[in-house]
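Quick note on labels: first sequence line is chain A, next is B, and so on, each numbered from 1.
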Amino acid sequence: MRRFSLTSLLSESMRGHTGWGRQWRAPEPKPRYDVVIVGGGGHGLATAYYLATVHGITNVAVLEKGWIGGGNTGRNTTIIRSNYLYDESAGLYEHALKLWEGLSQELNYNVMFSQRGVLMLAHNIHDVQSFKRHVYANRLNGIDNEWLSKEECKEFCPPLDIGGGLRYPVLGGALQRRAGTARHDAVAWGYARGADARGVDIIQNCEVTGIRRDASGKAVGVETSRGFIGAGRIGVVAAGHTSTVMSMAGVSMPLESYPLQALVSEPVKPVFPCVVMSNAVHAYISQSDKGELVIGAGTDQYTSYSQQGGLHITTHTLDAICELFPQFTRMRMLRSWGGIVDVTPDRSPIIGKTPVQNLFVNCGWGTGGFKATPGSGHVFAHTLATGEPHTINAPFTLDRFRTGRLIDEAAAAAVAH
Amino acid sequence: MAQPFRLSRGGRIDRSRPIVFEFNGKPIHGYQGDTVASALIANGIHHVGRSFKYHRPRGILSHGPDEPSALLSVDRGPGRVDPNNRASVVEARSGLRTHSQNHWPSLEYDIGAVNDLLSPVFVAGFYYKTFMWPRKFWDKVYEPFIRAAAGLGKAPTQADPDRYANRHAHCDVLIVGAGPAGLAAALAAAKTGKRVILADEGPEPGGSLLHDPNAEIDGRPAASWLEETLADLDGRENVILLSRTTAFGYYNHNHVALAERVTDHLPTASGQAPRERLWQVRAGEVVLAGGAHERPLVFADNDRPGILLAESVRVFLNRYGVAPGRTLVFATSGASAYTAALEAKQAGLAVTIVDLRLEADCGPEVARLRQAGCEVLTGHTVVGSKGRKRVTGLIVAPVGSDGRCGGRRVLPCDAVGMSGGWTPAVHLFSQSRGKLRYDDRLDAFVPNISAQSERSAGASKGTYDLADCLAEGFAAGAAAAGSDERRTFSATPTLTGFQPVRVMPTDDDPKKVRAFIDFQNDVTAKDIKLAVREGFQSIEHVKRYTTTGMATDQGKTSNMNALGIVAGQLDKPLPAVGTTTFRPPYTPVTFGALVGPARHALFDPIRTTPIHGWAQSHGATFENVALWRRAWYFPKPGEDLHAAVARECKAVREHVGIFDASTLGKIEVVGPDAAEFMNRMYVNPWAKLANGRCRYGLMLKEDGYILDDGVVARVSDTCFHVTTTTGGAARVLAHMEDYLQTEWPDLQVFLTSTTEQWAVIALQGPKARQVIEPLVEGIDLSPQAFPHMAMRTGTICGVPTRLFRVSFTGELGFEINVPTDHALAVWEAIFAAGQPHGITPYGTETMHVLRAEKGYIIVGQETDGTVTPDDVGLAGMIAKTKTDFVGKRSLARPDVIATTGRKQLIGLITEDPKTVLDEGAQIVADPNQPIPMRMLGHVTSSYWSPNCNRSIALALVADGRSLMGRTLHITTPDGFTRATVSEPVFFDTTGERVNA
Amino acid sequence: MLEVRYRTARALPLGRAEARPSGVAIRPADAEARFVLRVRSAEGEVAGLPLDRPINTVSGDDRRWIARLGPDEWLIGAPESEADLVANSVASDLGTRAHSLVDVSHRNVGIDVEGLRAAELLNAGCPLDLGETAFPAGRATRTLLGKAEIVLIRRAGPGARYRVECWRSFATYVHGFLKEAAFGIGEG
Amino acid sequence: MLLIACPHCGNRPETEFRCGGQAHIARPEAPSAQSDEAWAEYLFVRKNPRGVHAERWCHVHGCGRWFNALRDTVSDRFIEIYPMGAQPISELQSEARA
């Protein structure tokens, strides 16, 4: 792997950048791998990377039916935070956040992780109670999260309207300063380059069409559009397509796939210094390094694989954005798009074993998977390497839906009285 | 005033109506009908901006919505300033103030232009390779620097005074684009009587006919045909003709979104009419006739101000009567530029043509231009341009079929029209999820398989000849309207056909050539090649790595060139590289148009009760609960929340308080099977509840967790009056309807929401009975005749009432249900009658404190969607004999019946009675344990209790009921405080007061 | 004494004023009696009003009307003075048929919208096709106006006369929305 | 925004409807007799097909009635609308392979 640095960049600029090679190869699939990862998004690529770097397992293929990072990795609003309520979630997302903090250096790829702070606004007394519950829980879990008065919110995010004239006035907010955003594509590319350099085969345009099981029922490989590929273990990391892939092995999942939309404005000079989330009015906004306001909208109410949602979802979100930031009505929507998010009944992920031996799954990240990318890959690599979950992902079993031990962050945060 | 480049005649501008606007503080004169771009060009101004990355001087490339470079900030007055407006579409009018962007200190002298010198470093994706050391520098140094450099114009800083409107519309045929194909389609569709909407983004319908002075249709000038056609359409009631209206989004099931710009072009805005209107059209059929975009040629320094698209030169000449220069060179690889060149020549300008095609591959256009006296250099490439802030010459060289360049020659000029062929505007087709097909002959993607009820016609389908466009449009319009009528048109033949070229051949060192693909994002052919070399081979990867096609024009002029270079590098056929998927919007749309009227008071309904005005006039402070605005507390002068609530709390327990509980949800459950239905929906037993009696009902979701609660009265054998929480009203009704209709359709039960039929006045306190006694008729209020948890009907103040004897305070209390429009009168009557008894209005905060003193839960506060009845000590509510109710099975899941570890509702008595815990505070057994600590639970409710004269709190704590008397540690903003676990009831623990 | 305290006129949330911008009259309706009738079979008539008309139509006249909103749901409107009369005759007409008749006179608020461009104005927030074919006189349905649920009734007879019915606490929003929409349809 | 053919009201915009998820998941006759596995399956496991999907819709801001629909989750096209309690006539074959 050619190391990226200012020096290498300058020396290449002297010769027209002709010396840069491929960031990852385009190999033909081998007949068999120790581990086959189905899905070349950030989570799958990170899994491959950590299999190689942490566990020394390099005979690994990542199979991607389109182009890597083309699913939710490249379609999300890049919010990264770890101030979750329950110990299980906090442990998982904080694990990820710690990895984010050194990721550019670790990968030798600038993923532009920007710790500009995520401010979550409270608009009613119930929000205040709920956010304080988070702040306190986070403190005892060693995660930074602080309660801000509305004046402090305004100071942290000057464009914010904290006047009493709002339909739902801002009463305060919870701020995680270590939270922020990253450049989503670079995360996929950086992990791909790192994994590839250690021998992982990243195989694009390779669609998995079946999962082969032997007489004893255990999974032994995958049928693909480029032929059969044998596998010691298979990790399915296919986000919105997980139900489809798992059904190839006869496994039904507690998942539903919904369209999730996002949009950006035209680029403008810096005007928005942080990330603001308002669950009460459904507004999520930050400004990218390129200057675009990046705005997350909600999911549609029906399942769909179309990567397209309704206009009313977009307008609903912009209603809220313009209510909080009335100066933005003359800004223009430049681009909107949709992803397919796989949602579990308790809105927490499933990371671990399946009823089929040698088949493992990492899914159900819903609308918030990007932030977990490094942590998700790290613990899933552990699970694939050892056959057993890491302590961090141990609670996130498929089995919890049978026992009732759900990890319901959304229920804990969103019930109005 | 002097407009040195205004032609003496021609154009569709109104020369009798001069206008003047500002550009960078200088007055610019033009005429009604000009765009900002055409007026600037009329004044000889091409250099209007600096590019995104390299700060290179940039001019006006295009005449339309595909303009990537000429982006201006436009100021229409206070609060009406916005950035990134395309000069080519902003209609010029007096009073506008426009500014160029992305430069400092000025457009002419821009420090940022130093970036241009560093361009060898600043290649595609350079930032992924550096700025990583030292680590802390990213947030503090590198990123702020990058951010300040990026962005184009400045965001508005003031709230927008303009109004935006919304309109849902339906039609049988929606036609997008009022060029020749769209107009012909409209003619055909309109004749059938079907409802037609024809929308065009320009201020004037006509499309290419507006700049085609020599064309004839059916034997008469195109302009007259246009006029007749518009008159025909105008005269039909079934046609809506929208100009300045861009179809920007094609959504599911023929839902098409259009943005109409209503007032921006008007010199005097009324201040009342909307600035823009969003049309949400549901169309039976759609005809897409949005035309095509011209491709620039890719050669070194092809971005100099003064270098335009060839067709745009034609538009400026013919439509606006302005000359982009006096000495023009047209550089082309196709025939269409010859039309522009000929018209320029006819307008008296000096014209030279450079054509990449070999003489043998050209058509009769070459001879025609030579005949007109123009030099035509066929088989020539362009290898560069001269000039800096304005092109001064074009460097050309002969090139053979082997691609080798001959001797160079500089063609002096002050403007260039270039044409690299055409790209059909398939954006909306692609948004509709139609499948594209690559057409080799057209070197373009064209619509292939439709996914919705839609068809394309004209240039957007790759049909460029005028007569063909008209016929195709007519057929499409007729077919869309269900008619099979076809007709042919005779029209002047259009010069079409081009030789596809990605990068113009050159003999310069390819490492040094900076030929721009994406003008706005400063992406060069070299950048695209670098990306491919680094392994980015999907076009989506290339776009994301280089940012080509990601600028505000979304690659309208650049996508095909980028795609072609990638295909060339990979040596793959172009369709194998794929095309990018187009997403809405086609052109940028203001947030305002999308938001429409949903601002301020119309952002979300504010629901208020009939007592709201009274509460306002009695000084109440309000809180938002779901969509409702509820009285929170009633401070007297000088009182804060705590003082007011303390007073209100005491008053209720010592005298009597009056509370507006109207927001509680109410459902009338009626029918012969009503009791059976209630049995299935609630955990409680209902069969034996006597008429006129009430019961506290608890409702679960099927997963066993508490969904809602409320008092239910049995009105008759077949009728229950159900109440729900304020926020839960709609949810509970929907939940009930779902089961009723889909699981138990055999039950004869009907549900009707009566939330707003009944206003609810809660009268609570030892003197409650005395207060209402004189007002009530037909009900015996004595405790024997009307015990706690009973309901009676009668009248109060002459108004029919369902009078509940219930209490959420633990005091003797009534909830007086009266028809809503009478509630204020009854409230005022009670308030007056209560004066001698010290009646005190109280709000939701006091309500919360009083119920917490009694340990009554609030769903959503003590519960959070993961709490079972047993967790909050309500297992006793569950009917023992029922075999089933919604949620029952889930209460038997292993983790729910676990004997240890469940979080249970308890009370907390702080060591210091003055310490009021924070709601949401976490609870631990040992505050000195290392982080992460084991948390036992959290505080759900916490108040200063005036009646207990100490703080009280409710909490959910793991195995809490086994910890009675134990000391636990609760987080405070600075550390921990101590409290003892108690029963969750703090006042009147025997519960006698309610029976008074 | 009680009578003195009791205000006979209902205190309506929008008052009784009249607004008339853009050639469309937006007029809060007077107090009326209204009932939700639920019964499984749509046979016969009640209080002189037919049950068996198609779903999404209104029958009767401006004074006393019945809108069939679903297969087993009707909204009945009548002058306030006839409230008891209507309720009693519905009960006696239905006899032993299982049904539910719930008084919602105070739940609902009516706003009359009339004028040439009334449909256009309503379409600012109502997503339905209000054209002559899709929504002729005599139509009635539950639908949306902006972010509020409404019942939209197009009165029988010539011209464009609509009744918008919403729940009481949404009336300020709905009325405000209609007034704003009157500006929205104005041409610049 | 989808256009949905309510069996009682005809074509109406999606905003008037509430989607109730997968259809034909009958509530067990005797839930208490269900095993933990079977009960979890009933509560949580969903087909989530890429292709034709039978789902429930309620015309909540219209006639208020629930009904079933077949919709292709790739094209979002509705294939059939049919009453609660009934089975679809169309086959569950995806019409689109995208």
Side-chain angles (χ1 to χ4, degrees), chain B residues 163-170 195 262-263 266 269-270 272-274 277 280 282 596-598 601-602 604-610 627-628 663 668 670-672 718-719 748-759 774-775 777 797-799 819-826 828-829 832, chain C residues 1-3 5-13 21 31 34 36-40 72-73 98-109 120-131 133-134 146-148 166-174 176-177 180-181 183-188:
Chain B
R163 164 178 271 132
Y164 298 84
N166 182 58
R167 166 121 184 238
H168 296 277
H170 291 74
R195 289 185 296 171
V262 184
T263 54
L266 298 173
S270 69
Q272 300 283 312
R277 180 181 292 120
Q280 300 194 50
R282 187 75 72 168
L602 300 180
D604 228 3
I606 300 172
R607 301 179 70 181
T608 58
T609 75
L627 289 178
W628 291 96
T663 62
E668 198 88 335
V670 178
T718 58
C719 177
Q748 290 236 45
V749 180
F750 302 103
L751 311 174
T752 304
S753 171
T754 49
T755 300
E756 303 216 35
Q757 172 67 14
W758 299 110
L775 309 178
E777 286 187 332
C797 309
V799 174
T820 313
D821 288 342
H822 297 312
L824 179 59
V826 174
E828 286 177 333
Chain C
M1 181 181 165
L2 295 179
E3 287 69 21
R5 288 207 197 115
Y6 174 39
R7 207 184 279 154
T8 49
R10 280 162 57 181
L12 300 175
R34 297 176 192 83
V36 171
L37 172 64
R38 302 288 304 276
V39 59
R40 285 233 169 139
D72 64 357
E73 179 187 356
H99 71 278
S100 156
L101 183 74
V102 178
D103 185 347
V104 293
S105 305
H106 293 243
R107 183 188 80 173
N108 278 25
V109 171
E120 193 181 327
L121 182 139
L122 290 164
N123 269 145
C126 174
L128 298 188
D129 185 349
L130 299 180
T133 313
K147 295 178 183 179
C166 65
W167 288 6
R168 196 184 195 281
S169 69
F170 289 94
T172 310
Y173 171 86
V174 169
F177 193 99
E180 171 66 22
F183 289 114
I185 63 171
E187 296 304 324

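Distance check, rounded to the nearest 0.5 Å: CD1 of I185(C) to CG of N166(B) gives 13.0 Å. The structure places OH of Y173(C) at 11.0 Å from CD1 of I606(B), a figure rounded to the nearest 0.5 Å. Atom-to-atom distance recorded for D604(B):CG and K147(C):NZ is 5.0 Å, nearest 0.5 angstrom. Going from atom CZ of R38(C) over to atom CG of L751(B) covers 7.0 Å, rounded to the nearest 0.5 Å. Here the CZ-CG distance, from R167(B) to L121(C), works out to 10.0 Å after rounding to the nearest 0.5 Å.
Interface residue V102(C): only side-chain heavy atoms are found under 4.5 Å from chain B. Interface residue W628(B): only side-chain heavy atoms are found under 4.5 Å from chain C. Contacts of V39(C) with chain B are made by backbone atoms alone, with heavy-atom separations under 4.5 Å and no side-chain atom involved. For a residue to count as touching a neighbouring chain, one of its non-hydrogen atoms must lie under 4.5 Å from one of that chain's; by this rule A601(B) touches chain C with the backbone only. Heavy atoms closer than 4.5 Å to chain B are found nowhere in L101(C), neither backbone nor side chain. Contacts between P672(B) and chain C at a heavy-atom distance below 4.5 Å involve the side chain alone, from C-beta outward.
For the set G146(C), G125(C), A148(C), the entry with the most heavy-atom pairs within less than 4.5 Å of chain B is G125(C). Ranked by heavy-atom pairs under 4.5 Å with chain C, the list P819(B), G671(B), P597(B) is led by P819(B).
Side-chain atoms of L627(B) and F170(C), non-hydrogen and from C-beta on, do get closer than 4.5 Å to each other. Side chains of R168(C) and D821(B) form a contact here, defined as non-hydrogen atoms less than 4.5 Å apart. Put simply, the side chain of S753(B) reaches to within 4.5 Å of the side chain of R107(C), judged on heavy atoms. Counting heavy atoms from C-beta outward, R607(B) and W167(C) have side chains that approach closer than 4.5 Å.
Under the 3.5 Å distance criterion, the side-chain polar atoms of Q280(B) are left unmatched by any main-chain donor or acceptor of P127(C). In terms of modelled atom types and a separation under 3.5 Å, the side chain of Q757(B) and the main chain of S105(C) share a donor-acceptor contact.
Listed here is the closest heavy atom pair of A98(C) and Q748(B): CB-OE1, 3.6 Å.
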Next item on the list: Start with the C-alpha distance between F750(B) and V36(C), add both sets of side-chain angles, then the distance that settles side-chain contact (heavy atoms from CB on, under 4.5 Å), and finish with yes or no.
Entry: CA-CA 10 Å; F750(B) 302 103; V36(C) 171; over 6 Å; no

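In this structure, the side chain to side chain contact (heavy atoms under 4.5 Å, CB included) partners of H170(B), at least two apart in sequence or on a different chain, are R195(B), R282(B), D129(C). Considering only residues two or more places apart in sequence or on other chains, T663(B) meets the side-chain hydrogen bond (donor to acceptor under 3.5 Å, both in side chains) condition with R630(B), T726(B).
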